[in-house]
Engineer: 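Below is the structure I would like to discuss, written out as structure tokens.
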2 protein chains.
Amino acid sequence: MTATVGRVDKFEERRRELADAALQTLSELGYARTSLREIAQHTSFSHGVLHYYFRDKVELITYCVRRYKAVCVLRYDEVIAAARTGEELSTGFAAAMAGTLVVDARMHRLWYDLRSQSLFEPAFRDDVREIDAILEDMITRVVGRYAELVDGVPVLPSSAAYAGFDGLFQQALLRHLSGVETAPAQLRVDVERFLALVTA
Amino acid sequence: MTATVGRVDKFEERRRELADAALQTLSELGYARTSLREIAQHTSFSHGVLHYYFRDKVELITYCVRRYKAVCVLRYDEVIAAARTGEELSTGFAAAMAGTLVVDARMHRLWYDLRSQSLFEPAFRDDVREIDAILEDMITRVVGRYAELVDGVPVLPSSAAYAGFDGLFQQALLRHLSGVETAPAQLRVDVERFLALVTA
DNA sequence: AGGACATCTGGACGAGTGTCAAGAATTGTC
DNA sequence: GACAATTCTTGACACTCGTCCAGATGTCCT
């Protein structure tokens, strides 16, 4: 029994390891240019092992998307919990977004790439939608807590608020990866202003 | 002379014809799954002719993106010119967005796909940025005119306003292509509310 | 009509793809 | 240490890809 569990764990652990290498490769090359052999070269294994752990490429990518989800919501909750005033929350949240914009730029561009793929490939849709829901929840918590702190109420449905922040972030990412050095600072300003705007 | 001009025109016309077929193919399959042979099958020519009119695939795709730009800003200006009250402009603009969301869904998903590609492929960046600028201008005109009509002023920089509308549209497109039938109606409501929000 | 040029065809090429399977290497168990 | 199961490597397969080119076809001018 324990031996079997141990094997399953080992199996799952290797799947995660391979998926992480795949995520790294995808974030460097993008979905359209990422091959299984290229992924394998980011590991210490040969390309054949990918088909031992994943049935086909779609299953691997799907697994990657799900795994990305587990990592993507970086600790905004700490910012929420730590903030004692509305302004603290606003600047903290904006700074966190501007920070991940730069630090995790390649992962974020992969997210937008894969989300676009889901517009064509139904196999990715459910997982993409789930990640969007998780991100929307995060925005909902931020806006809700901010409204609490400033004695206001959210004036937009949370789906619209999330769409707004997402749009701001995406434009900032485009600018940042185009070499516009003011991109993080501008995002910070925009996020703070937008957060105030959606609360009244 | 006139003969030369005629030839140039014919050459350019064929380029446009091929690029339109390429756009159709891209909007059906997405960038990652579109090959030159598949594009040629959407025309009455064989695949070799593509290399007679375009040096390589990147030049063809780039030309497509530029061509898309010429079509993308559907006549929102008519809505702007026709509206006599703020409410008219708001409902007209929202209805126009909801309309193109459904009618041109495949073209819109291509736009988001190519914009994501530009996050990885520098060759597309300039053209993508130019299209984004055109779209931002359009949003700026809508918001500006709306503010005029309701005796208010835009409260967000136009880049942030555009990012917001773009985010709303993108989420609506995801829902619409996932089969959510209320997507256009929800977009209409969200756009109207957001337009009022960014004007004070 | 005939020649000159533009346009198009269809096949070939080398490289790269996802997939698979036979066997080597490793690991765990008695 | 020997046997069995798991794990990994390697090479092959049938494709598809972008690119190129020799030659067929079309077009236009004199």
Side-chain angles (χ1 to χ4, degrees), chain A residues 1-23 25-26 28-65 113-114 117 120-121 123-124, chain B residues 1-23 25-26 28-65 113-114 117 120-121 123-124:
Chain A
M1 262 323 123
T2 59
T4 300
V5 172
R7 259 209 302 280
V8 171
D9 282 355
K10 212 140 177 59
F11 191 81
E12 261 309 300
E13 192 184 350
R14 178 110 321 157
R15 272 168 75 95
R16 274 196 295 272
E17 182 183 350
L18 294 174
D20 284 341
L23 277 171
T25 312
L26 283 162
E28 283 171 13
L29 302 179
Y31 176 82
R33 287 160 291 275
T34 296
S35 69
L36 295 179
R37 282 173 177 79
E38 192 72 34
I39 292 172
Q41 278 191 327
H42 281 72
T43 74
S44 52
F45 306 104
S46 69
H47 69 273
V49 81
L50 288 168
H51 277 86
Y52 182 77
Y53 288 96
F54 298 96
R55 186 160 32 85
D56 55 20
K57 194 183 181 183
V58 170
E59 186 184 299
L60 169 59
I61 303 289
T62 302
Y63 188 91
C64 285
V65 177
D113 188 10
L114 292 178
Q117 294 310 312
F120 297 91
E121 177 58 72
F124 299 156
Chain B
M1 265 319 128
T2 59
T4 300
V5 172
R7 261 208 302 279
V8 170
D9 283 355
K10 212 142 174 64
F11 191 81
E12 262 308 299
E13 192 184 350
R14 175 107 330 150
R15 273 168 75 95
R16 274 197 295 272
E17 183 183 347
L18 293 174
D20 284 341
L23 278 171
T25 311
L26 284 163
E28 284 172 12
L29 302 179
Y31 176 81
R33 286 160 292 276
T34 297
S35 68
L36 295 179
R37 283 172 176 80
E38 192 73 33
I39 292 172
Q41 278 192 326
H42 281 72
T43 74
S44 52
F45 307 104
S46 73
H47 68 272
V49 81
L50 288 168
H51 277 87
Y52 182 75
Y53 287 97
F54 299 95
R55 186 161 32 85
D56 55 18
K57 193 183 181 183
V58 170
E59 186 184 299
L60 170 59
I61 303 288
T62 302
Y63 188 92
C64 284
V65 177
D113 188 10
L114 292 178
Q117 295 309 313
F120 297 91
E121 177 58 71
F124 299 156

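Residue numbers start from 1 in every chain, and the chains themselves are labelled A, B, ... in the order their sequence lines are given, proteins ahead of strands. Note that these values count all heavy atoms, side chains included, but never hydrogens, waters or copies made by symmetry.
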Engineer: Measure CZ/B/R33 against C1'/D/dT16 and give the value in whole Å, please.
Structural biologist: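 It is 15 Å, rounded to the nearest whole Å.
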
Engineer: Which nucleotide wins on minimum distance to the side chain of A/F45, given the candidates C/dT17, D/dT19, D/dT9?
Structural biologist: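 Nearest nucleotide to the side chain: D/dT9.
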
Engineer: Rounded to the Å, how far apart are A/F11 CZ and C/dT27 P?
Structural biologist: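 Between P of C/dT27 and CZ of A/F11: 17 Å.
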
Engineer: Check whether any side-chain nitrogen or oxygen of A/S35 sits under 4.0 Å from OP1 or OP2 of C/dG16, and answer yes or no.
Structural biologist: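 Result: no.
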
Engineer: Between C/dG18, C/dC20, C/dG11, which nucleotide has the shortest distance from any of its atoms to the side chain of B/H47?
Structural biologist: C/dG11

Engineer: For the residue pair B/Y53 and B/F11, does the interplanar ring angle fall in the parallel (under 30°), tilted (30 to 60°) or perpendicular (over 60°) class?
Structural biologist: tilted

Engineer: Round to a whole Å and report the spacing from OH of B/Y52 to C1' of C/dG10.
Structural biologist: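 These atoms are roughly 17 Å apart.
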
Engineer: Choose from D/dT19, C/dG18, D/dT6 the nucleotide whose nearest atom is closest to any side-chain atom of B/L36.
Structural biologist: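 The answer is D/dT19.
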
Engineer: OH of B/Y53 versus C1' of C/dA6: gap in Å, rounded?
Structural biologist: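 Rounded to whole Å, this separation is 8 Å.
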
Engineer: Search all heavy atoms of B/L18 against all heavy atoms of B/I39 and return the closest pair with its distance.
Structural biologist: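 Smallest interatomic distance, heavy atoms only, reads O-CG2, 4.4 Å.
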
Engineer: Whole-Å distance between C/dA6 P and B/R15 CZ?
Structural biologist: 16 Å

Engineer: Take A/E38 and A/G48, find for each the nucleotide of DNA chain C with the closest heavy atom, and name the residue whose nucleotide sits nearer the 5' end.
Structural biologist: A/E38

Engineer: Strictly below 4.0 Å: does A/H51 bring a side-chain N or O up to OP1 or OP2 of C/dC20?
Structural biologist: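 It does not, given that no N or O in the side chain of A/H51 lies less than 4.0 Å from OP1 or OP2 of C/dC20.
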
Engineer: Just how far, in rounded Å, is P of C/dT7 from CD of B/E12?
Structural biologist: 12 Å

Engineer: Go through D/dT9, C/dT17, D/dT6 for me and flag the one nearest to the A/S46 side chain.
Structural biologist: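 Ranking D/dT9, C/dT17, D/dT6 by closest atom to the A/S46 side chain puts D/dT9 first.
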
Engineer: Quick one: which of D/dT7, C/dA12, C/dT19 gets closest to the side chain of A/R37?
Structural biologist: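 For the A/R37 side chain, the nearest candidate turns out to be C/dT19.
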
Engineer: Apply salt bridge (Lys or Arg N to Asp or Glu O under 4.0 Å) to residues B/E12 and B/R15 and explain how you reach the verdict.
Structural biologist: CA-CA 5 Å; B/E12 262 308 299; B/R15 273 168 75 95; 3.2 Å; yes

Engineer: Counting only N and O atoms by type, is there a donor-acceptor contact under 3.5 Å from the side chain of A/D113 to the main-chain atoms of A/G30?
Structural biologist: no

Engineer: For A/D56 and C/dT17, give me the distance from atom CG to atom C1', rounded to whole Å.
Structural biologist: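 A/D56 atom CG is separated from C/dT17 atom C1' by 14 Å.
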
Engineer: Please report the distance, rounded to the nearest Å, between CD in B/E59 and P in D/dG18.
Structural biologist: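 Distance check: B/E59 CD to D/dG18 P gives 15 Å.
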
Engineer: Side chains of B/E59 and B/H51: closer than 4.5 Å at any heavy-atom pair?
Structural biologist: no

Engineer: Base, sugar-phosphate, or nothing: which does A/T43 touch, judged by heavy atoms less than 4.0 Å apart?
Structural biologist: nothing

